[in-house]
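In listed order, ligands and their atoms are each counted from 1. Remember, predicted model here, so these are calculated numbers, not experimental data.
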Amino acid sequence: MEDTALQSGSTNSDVPKCPHPQPDVFESEPDVGVSNPTRFSRLCSRDQAERAEALEVLTQSVMTRLDLDRHGLAQLDVHTLLQLMRLSQSCPLPEVCERAAELLRTAQERGVVIPHVLTTGPSAFIPAQTILEEGPDHEVLMEAFLSLGRLDHFTMVIALHPDYLNCFLNTQDALLELDGPLPRPWRYYIVVMAAARHQCSYLVQQYSAGFLEVGGEENWLRGLQHTPPKIRSLQTLNKLMAHRPWLITQQHIQELVCPGADARWSLAELIHAIVLMAHSHSLSSFVWGCGLHPEPEHLGGHIFHSTLPSNQVLENACCPHCPSNHQPRSHSSPASEDGKLEDGVMEVEVLMKRMVELQRQEEWSQEEMITRFERERREVIPTAVVRGAPPDLVLRLVEDPDYSYEDFSVRGEQAPPTMRAQDYSWEDHGFSLMNRLLPDMSQLLEEKFQVACALTYNRMAMHENVDTRTLRKALWNYIHCLYGIRYDDYDYGEVNVLLERELKVYVKTVACHPEQTTVSIYSAFWRHFRHSEKVHVNLLLMEARLQAALLYALRAITNYMT
Ligand SMILES: CC(C)C[C@H](N)C(=O)O
């Protein structure tokens with residue numbers, strides 16, 4: 001039904017336009033008000049008494065869950081043990097944290113073999129203590145814990161930017177949990193299989209657990225061949241969206257939605273799946289870009305036999321607010337690690353000067369503007385660190401694993417396709433189309449784009465009160481440029497002036513080949529900036545990448561409908 005209605009009115013003239021035109025997005029204040037209240041925002045808006053009560057209920061229920069004495073600690077199963085490890089490490093409720101650590105100690109005294117957690121802190125790139133120091137107040141983590149029932153590494157790192165975290169969780173909650181055309185297990189599975197494209201075993205494991213929790217069939221996780229043909233039919237789109245979204249055509253859409261198709265997708269279902277895939281591909285960029293450690297219960301997150309002295313296990317098994325969990329470190333700036341502090345200071349000064357100079361901009365001809373765009377897009381930026389084979393739990397969920405981003409810089413004379421933002425933009429086209437198919441989602445995505453683009457602390461490394469608009473815009477437009485999207489009125493010379501080469505290497509790797517990200521490319525750029533500012537880059541990256549993939553998929557749907 002909904003498809004017919006859509007096809008009959010497929011022009012964009014009679015549908016709502018996005019309320020926020022593009023030129024303003026880097027200027028406006030973030031509007032963190034939520035149009036569609038979900039769990040997280042409801043929690044945030046609770047008054048003190050309600051929150052205290054919710055906290056009490058939650059603490060009690062976790063305590064009861066942890067009251068394992070009745071069953072005998074010696075019979076702890078692996079799953080419960082790992083849950084205890086996780087709670088003892090990352091629960092913002094000190095009572096729960098201490099109780100979990102105490103239970104682990106008792107179990108160990110009674111001869112239970114306790115797993116060793118192999119990592120310290122949420123990220124391999126950002127010291128745990130920095131996350132605590134630069135991070136949000138305890139409140140925000142508590143709210144996230146209350147809302148999600150756990151606190152994972154992803155949330156702890158994103159919580160460095162609480163306004164964004166809030167709207168991120170609202171969108172994710174709506175995508176996975178609220179009313180929508182796809183059954184819940186399908187939604188989780190689509191996220192899992194999209195993350196597998198980027199070999200992101202962190203997300204594969206996180207969302208596989210969610211998939212099983214909402215009643216998904218375990219067999220599906222053993223390989224794509226065990227899934228229904230309708231799920232398998234998404235593979236081509238998944239692959240193109242992850243690596244070369246500019247190749248998506250109306251033909252791909254037609255194959256999925258035409259009435260004769262074996263496993264037919266309705267347009268609303270398909271858009272839901274498209275958003276889930278784009279969300280997961282972008283999340284994979286964030287996970288690799290911030291070097292997230294596996295969760296304690298993940299493969300690679302723990303080990304049962306170790307040469308570590310047993311007391312070290314329990315030293316590690318402590319909440320993130322306790323001193324014993326802090327990594328040795330001396331400064332909160334990434335610059336301190338390579339000892340080139342003075343160079344770093346100079347780099348910041350030069351960058352600030354350039355940002356000011358760009359305000360006195362020259363006018364260029366259209367041809368020159370296009371040449372500048374092409375120069376950026378085709379610049380040779382090496383991103384060639386190839387990792388070992390991904391774990392089996394990832395590989396069995398991927399078809400054609402070698403398919404990857406096609407570097408425009410090696411295409412020689414052949415003109416790569418370009419999408420002119422004037423011809424198809426989120427504001428004028430994508431938003432309107434989605435607003436008709438998944439109205440709540442279009443609003444939530446719009447709000448998330450807005451918050452990400454407008455987010456600023458008016459800070460650049462050690463300088464306060466700086467207008468960082470040009471820099472944030474250069475980052476956004478560079479990512480779109482890597483995905484072949486060109487803004488006619490933007491001078492790509494600015495990208496060249498503002499983004500140093502090491503930053504481009506990092507951005508291009510995380511946006512296009514996230515699985516190749518390494519700590520050395522993370523450490524090489526912006527050596528004097530804070531880690532939270534590098535995470536901020538990742539937020540822009542995630543949203544720009546998400547929007548780019550959505551634009552190509554939505555354009556193909558528009559073409560199919562007209
Ligand atoms: C990405 C960063 C350059 C953002 C900057 N720290 C700001 O507050 O706007």
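Between Tyr207 and Tyr188, the angle of the ring planes lies from 30° to 60°, which puts this pair in the tilted group.
Of the possible polar contacts, none joining the Tyr457 side chain to the Glu464 backbone as a donor-acceptor pair under 3.5 Å is found. At distances below 3.5 Å, at least one donor-acceptor pair connects side-chain atoms of Asn170 with backbone N or O atoms of Asn166.
Close contacts between ligand 1 and Leu471 involve ligand atoms 3 (C) [criterion: under 4.0 Å to a heavy atom]. Atom numbering of ligand 1 starts at 1 in the shown order; those under 4.0 Å from a heavy atom of His536 are 1 (C), 4 (C). Heavy-atom contacts of Arg472 reach the following atoms of ligand 1: 9 (O) (cutoff under 4.0 Å). Of all the atoms in ligand 1, the ones that sit under 4.0 Å from a non-hydrogen atom of Thr456 are 7 (C), 8 (O), 9 (O). Atoms of ligand 1 found under 4.0 Å from any heavy atom of Tyr457, numbered from 1 in the order shown, are 7 (C), 8 (O), 9 (O).
The NE2 atom of His279 sits 12.5 Å away from atom CZ of Arg187, with the distance rounded to the nearest 0.5 Å.
For ligand 1, the polar-atom distance check against Asn458 finds a nitrogen or oxygen pair separated by under 3.5 Å.
The nearest protein atom to atom 3 (C) of ligand 1, hydrogens excluded, is given as Trp526 CH2, 3.5 Å; this is a heavy-atom distance. The closest protein non-hydrogen atom to atom 5 (C) of ligand 1 is Arg459 O, 3.0 Å.
Contact annotation: the side chain of Lys504 approaches that of Asn496 to within less than 4.5 Å [non-hydrogen atoms, C-beta and beyond].
For Tyr506 and Trp288, the distance between ring centers is not under 6.0 angstrom.
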